[in-house]
Amino acid sequence: MGGPLWRNLDFVKLWVGQSVSVLGSQVSQLALPTVAILLLHATPFQVGVLGALEFLAFPVLGLVAGVYADRIRRRRLMIACDLVRLLVLASVPAVWAAGMLRIEQLYFVALVMGVCTVFFDVSYQSYLPSLVLRRDLVDGNSKLQTTRSVAEVSGPAVAGFLIQIVGAAQAVLVDALSYAVSIGSLLVIRRPEPEPGAGKVRTGFWAELREGLDAVFGNQTLWKIAGSSATSNLGTNILRAVLLIFAYRMLHLTPAIVGVAFAIGSIGGVLGALTASPLTRRVGLGLTLFLSVTLAGAFNLLIPLSANGVTVVLLAAGVFGYSLGGAVYNIGQVSLRQSMIPDRLQGRANATIRTVIWGTIPIGTFLGGILGSTIGIEPTLWIGAVVATLAGLWILVGPVRLAAQPEIAPDSVD
């Protein structure tokens with residue numbers, strides 16, 4: 001974990017702020033659906049709708065976010081998104097304390113959070129190359145993914161015990177406060193951003209949007225990476241739509257036990273983040289992408305098997321394998337995308353890819369809710385796991401031949 005990025009204080013500020021923010025998000029990812037399931041007695045369909053609304057903004061607003069992430073200062077946009085997310089999450093414990101919380105408010109919170117997240121994430125991925133050299137992107141993404149994975153280990157356990165101690169609604173406040181830390185870290189970054197749109201003449205919203213689309217779909221590697229990620233997200237979110245209902249109502253686990261199982265499983269993400277760079281150097285980028293995304297999907301098959309015995313062990317093992325493969329895959333594919341896209345196109349190209357790969361998340365969660373209500377929880381888990389495992393086929397038909405990360409786009413920092 002050593003190297004020049006430890007001496008890049010602006011990167012370290014971003015790293016610390018996002019680490020705290022991700023930890024808080026892990027709390028609300030368990031707490032919000034738990035509020036719906038245990039406090040508001042939501043049906044599988046309602047839980048699926050709640051999950052779908054959180055990601056609906058990606059297919060609807062993803063391309064729009066990309067244009068504006070290339071037009072205005074990305075750091076300012078990120079700060080504004082964090083502020084809105086802080087306020088909307090804080091409304092949940094406040095309204096619950098007043099005895100007026102309804103599922104419709106959770107829908108609203110999920111929708112607003114999704115809108116802010118799509119603008120933040122597109123800006124965030126496009127902002128990193130302005131803080132570090134492109135040759136350091138894998139190292140930077142590995143560090144960010146490592147702390148994200150650590151948060152995924154500790155976050156569910158913290159969330160589970162918080163829910164047990166203070167209640168699901170009150171636990172959401174932790175995530176709200178984490179956005180305040182993120183805002184503070186962004187405010188103290190000193191490195192100036194490149195001028196938005198530097199080096200090009202603005203040609204209008206639709207022409208700029210089209211340029212981002214062409215940058216992705218005109219590149220054989222980028223659109224196949226997008227197809228693989230989209231397939232993985234589709235299957236995984238069919239499964240996730242009913243996962244907590246499966247854990248609470250069929251396995252009869254408490255929130256604390258669910259949190260611990262997820263935390264143990266998420267250790268795989270830490271190991272994946274730590275091994276991504278050496279593994280890629282040893283076996284090649286393309287083969288690493290194929291093996292990691294296929295492994296992530298296949299381990300999901302252990303989750304429905306947990307209904308037949310050794311419940312917590314199989315549940316944790318399924319999360320472990322998914323987290324391990326997912327961390328390695330994400331570090332590789334994000335670094336690949338960032339290295340191949342010029343800075344002036346980072347926002348639009350990343351938004352195009354995110355629209356495709358995150359656009360399948362609301363589809364998956366909505367389908368998962370419908371399937372869970374019609375064919376049952378366990379069959380839905382099996383379908384989701386099988387679909388996620390097929391994601392590796394996209395890598396086999398193209399990017400599997402990549403030996404290393406290409407250096408196509410020029411550095412944007414000194």
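Owing to the predicted nature of the structure, the values given are computational and were not obtained by experimental measurement.
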Next item on the list: Apply side chain to side chain contact (heavy atoms under 4.5 Å, CB included) to the pair Thr117 and Arg85, showing each step before the final yes or no.
Entry: CA-CA 8 Å; Thr117 298; Arg85 289 192 288 189; 3.1 Å; yes

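- When each of Val35, Leu106, Leu111, Ile37 is tested with Leu50 by the rule side chain to side chain contact (heavy atoms under 4.5 Å, CB included), just one qualifies, namely Leu106.
- The closest donor-acceptor contact from the side chain of Ser292 to the backbone of Leu289 lies under 3.5 Å.
- With sequence neighbours left out, Ile363 forms a side chain to side chain contact (heavy atoms under 4.5 Å, CB included) with Leu234, Leu367.
- Heavy atoms only, all atoms of each residue included: Leu251 and Ala247 are closest at CB-O, 3.5 Å.
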Margin query: Quick one, Leu77 with Phe120, criterion side chain to side chain contact (heavy atoms under 4.5 Å, CB included). Give me CA distance, side-chain angles, the key distance, then yes/no.
Written below: CA-CA 7 Å; Leu77 187 56; Phe120 183 94; over 6 Å; no

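- In this structure, Arg76 places its CZ atom where only 12 or fewer heavy-atom neighbours from other residues, nucleotides or ligands lie under 6.0 Å away.
- Residues Val95 and Gln105 come closest through the heavy atom pair CG1-OE1, 3.1 Å.
- Annotation: side chain of Trp96 is in contact with side chain of Leu39 (closest heavy-atom distance under 4.5 Å).
- Leu173 is not listed as a side-chain neighbour of Gln170, based on a closest heavy-atom distance of 4.5 Å or more.
- By the 4.5 Å heavy-atom criterion applied to side chains, Ile267 and Leu324 are not counted as neighbours.
- The side chain to side chain contact (heavy atoms under 4.5 Å, CB included) search around Val334 returns Gln125, Asn141, Arg337, Gln338, not counting sequence neighbours.
- Here the shortest heavy-atom pairing between Ile353 and Ala226 reads CG2-CB, 4.3 Å.
- Formation of a donor-acceptor pair under 3.5 Å by the Thr360 side chain with backbone atoms of Ala230 is found in this model.
- Taking 4.5 Å as the limit, some side-chain heavy atom of Phe217 sits within range of a side-chain heavy atom of Thr352.
- Looking at every heavy atom in both residues, Val47 comes nearest to Ala241 through CG1-O, 3.7 Å.
- The neighbour count for Tyr107 OH, taken as heavy atoms of other residues, nucleotides or ligands under 6.0 Å away, is above 12.
- For Thr389 (side chain) and Ala385 (main-chain N/O), a donor-acceptor pair under 3.5 Å exists by modelled atom type.
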Margin query: For a side chain to side chain contact (heavy atoms under 4.5 Å, CB included) check, start with the C-alpha distance between Tyr179 and Val84, then their side-chain angles and the critical distance, and finish with the verdict.
Written below: CA-CA 9 Å; Tyr179 287 119; Val84 175; over 6 Å; no

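- Among residues at least two apart or in separate chains, there is no salt bridge (charged side-chain N to carboxylate O under 4.0 Å, His left out) pair with a member in residues 277-292.
- Side-chain contact between Thr380 and Pro44 is absent, with no heavy-atom pair separated by less than 4.5 Å.
- Interatomic distance, Phe11 CZ to Ile189 CD1, rounded to the nearest 0.5 Å: 10.5 Å.
- Remark: the backbone N or O of Ser228 is not paired with any side-chain donor or acceptor of Ser232 at under 3.5 angstrom.
- Between the side chains of Thr236 and Asn233, no donor-acceptor pair of N or O atoms lies under 3.5 Å.
- Minimum interatomic distance between Gly259 and Leu30 (heavy atoms only, all atoms of both residues): CA-CD2, 4.3 Å.
- With a 4.5 Å cut-off on side-chain heavy atoms, Leu295 and Tyr329 do not count as touching.
- Here the OG1 atom belonging to Thr231 is positioned 11.0 Å from the CD1 atom belonging to Ile357, to the nearest 0.5 angstrom.
- The main-chain N or O of Ser25 is found under 3.5 Å from a side-chain atom of Ser28 such that the two form a donor-acceptor pair.
- Put simply, the side chain of Phe320 does not reach to within 4.5 Å of the side chain of Ile264, judged on heavy atoms.
- Residue pairs meeting the salt bridge (charged side-chain N to carboxylate O under 4.0 Å, His left out) criterion with at least one partner in residues 12-27, sequence neighbours excluded, are Asp10-Lys13.
- Side-chain atoms of Thr365 come within 3.5 Å of backbone atoms of Ala52 as a donor-acceptor pair (strictly under, hydrogens ignored).
- Not one N or O on the side chain of Asn300 forms a donor-acceptor pair closer than 3.5 Å with the backbone of Gly384.
- Within 6.0 Å of CZ on Phe246 lie more than 12 heavy atoms contributed by other residues, nucleotides or ligands.
- Taken to the nearest 0.5 Å, the CD atom of Gln29 stands 11.5 Å off from the OG1 atom of Thr34.
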Check: Is there a side chain to side chain contact (heavy atoms under 4.5 Å, CB included) between Leu53 and Val49 once you walk through the steps?
Finding: CA-CA 6 Å; Leu53 285 173; Val49 170; 3.9 Å; yes

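- A salt bridge (charged side-chain N to carboxylate O under 4.0 Å, His left out) check over residues 213-223, counting only residues at least two apart or in different chains, returns the pairs Arg210-Asp214.
- When the salt bridge (charged side-chain N to carboxylate O under 4.0 Å, His left out) test is applied to Arg102, the partners found at least two apart in sequence or on another chain are Glu104.
- Between Trp358 and Phe55, the ring centre distance stays below 6.0 Å.
- Note that CG of Leu32 and CE of Met113 are 7.5 Å apart. Values are rounded to the nearest 0.5 Å.
- For the pair Gly318 and Ile303, the tightest heavy-atom approach, listed with the atom from each and the gap, is CA-CG1, 4.3 Å.
- The only member of Ser178, Ser182, Ser185 that meets side chain to side chain donor-acceptor pair (under 3.5 Å) when paired with Gln18 is Ser182.
- Annotation: side chain of Val12 is not in contact with side chain of Asn8 (no heavy-atom distance under 4.5 Å).
- Distance OH/Tyr248 to CG/Leu243: 9.5 Å, rounded to 0.5 Å.
- Distance check: Leu186 CG to Leu14 CG gives 6.5 Å after rounding to the nearest 0.5 Å.
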